2 protein chains.
Amino acid sequence: MSLQFAILVALSDGPMSGYDIAKQFDESVGFFWRARHSQIYRELGKLKGKGWATSEEIEQTGKPNRIVFEIAPAGREALLEWSRQPSEVQELKDDFLVQLYALDHVDLDGLRANILSRQERHRDHLAQYQAKYRVLEGSTELVDVGRRLALEVAVIWEREWSEWCGRALDQLAGATAATVGNVVAINQKNGER
Amino acid sequence: MSLQFAILVALSDGPMSGYDIAKQFDESVGFFWRARHSQIYRELGKLKGKGWATSEEIEQTGKPNRIVFEIAPAGREALLEWSRQPSEVQELKDDFLVQLYALDHVDLDGLRANILSRQERHRDHLAQYQAKYRVLEGSTELVDVGRRLALEVAVIWEREWSEWCGRALDQLAGATAATVGNVVAINQKNGER
DNA sequence: GCGTTCATGTAACCTGTTACATGATTCT
DNA sequence: AGAATCATGTAACAGGTTACATGAACGC
């Protein structure tokens, strides 16, 4: 269901085609919910079927025609109703953390390389989110307050991850490679086996 | 694929039935990857098919028989191979943040209630993770270092969320309810429309 | 008597990804 | 010549949830 609402949120900024939504997702509400165009077209069909959005085909020459969707009053009502319902807290779900949890059954060098490349990407994302955040600073407009709060979550997420990566690399610096079926102590002077 | 590896990680601690795995998931590797029993049984079948795990039926009287699974050498090898592959960074995906992003099209009172109940749950989770974390403190055993690092992520996640909830409630304290199709300023003395 | 725990599984469904398909225009 | 952009969509598959089904034992 959530994707349908994310699309309605995107349409709240004005009428858009499926193609537009797929692109807009890269720089707005899509920070918090993503989808491929194949899924977007499917969900747009459902929104239309429910009467939550209306569509209009716009003729173009040289390019394929655009089908522009607009949020309908019933769609706005559905959006309001959705926000009255309590939403589920998002639980951590990350295969990388699963690997860490089983550090003694895993390739340590691979994992270290993984952490390093993650750190880079988190720093990149952090810079992006911070730039977006700064634009909204100081505004008291309700929309901007919400977007700032949402972006704050993103900034914290990326910042904490990139700092965590640094600490993890430090702590794993002296560790030896895992041997299948063997328990390895991280500190050789203390490790009995 | 990841669930299969999460199951293999669980089996690394010793042979277990599907039922056991479903329960263990609530207090170990399941902090970072969850699944219903229906899915676990399905994936156990696949693991067996690939030769990554073996099973043995144990007769019981009064209770249904247990089918205990054990990780096979090929499974250990697969786990190692998996950890050599770089894993995708987990992107934020949260319908609650989508709602925040569209604060002017959403029910403010509903959202505030939502934040409050979230704050409670995040505090609960934080306490749980911290307790688990403390048990591992001081250990230099490789497994424990990994689990501590993984739990650290969980602790930070819950702590930052609960603190964020507090700030969000502060900032939304004075805001008025959204009106459909109307832009509302958060600060009445400055709001022109 | 009623709910919970133990223990297995299946079937239908929803969500999301990957790959395929078309066809003109514009940039390198 | 080849790639990217614009713009739509379909089909097959993978991953995950919900609901259904069975049946004995045990505590309240």
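Order of the sequence lines fixes the chain letters, A, B, ..., with proteins taken first and strands second; residue numbering starts at 1 for each chain. Keep in mind that this is a model prediction, so the values were computed, not measured. In what follows, every heavy atom counts, from backbone to side chain, and hydrogens, waters and symmetry copies are set aside.
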remark   = Between CD of Q60(A) and C1' of dT8(D) the distance, given in whole Å, is 12 Å
ask   = To the nearest angstrom, how far is M16(B) atom CE from dC6(C) atom C1'?
value = 17 Å
task = When you get a sec, tell me which of dT8(D), dT8(C), dG16(D) is the closest nucleotide to the side chain of L3(B)?
result = dG16(D)
query = Going by heavy atoms closer than 4.0 Å, what residues in residues 35-49 of chain B are next to DNA chain D?
reply = R36(B), S38(B), Q39(B), R42(B)
message = Ignoring hydrogens, what is the shortest heavy-atom contact between I115(A) and A168(A)? Give both atom names and the distance.
response = CD1-CB, 4.1 Å
task = Ignoring backbone atoms, establish whether K63(A) has a side-chain N or O less than 4.0 Å from OP1 or OP2 of dT8(D).
result = no
ask   = Between dC13(C) atom P and M1(A) atom CE, what is the distance in whole Å?
value = 17 Å
ask   = Atom CD of E59(B) to atom P of dA24(D): distance rounded to whole Å?
value = 17 Å
key: Exercise: do R118(B) and S87(A) side chains pair donor with acceptor under 3.5 Å   = yes
ask   = Out of dG9(D), dA7(D), dC6(C), which has the shortest distance to the side chain of R66(A)?
value = dA7(D)
ask   = Does K93(B) make a side-chain N or O approach to OP1 or OP2 of dG16(C) shorter than 4.0 Å?
value = yes
key: Short side-chain N/O contact from Y19(B) to OP1 or OP2 of dT8(C), under 4.0 Å   = no
task = Would you tell me whether S12(B) and R76(B) have side-chain atoms, one donor and one acceptor, within less than 3.5 Å of each other?
result = no
task = Can you tell me the distance, in whole Å, between the CD1 atom of I58(B) and the C1' atom of dT8(C)?
result = 14 Å
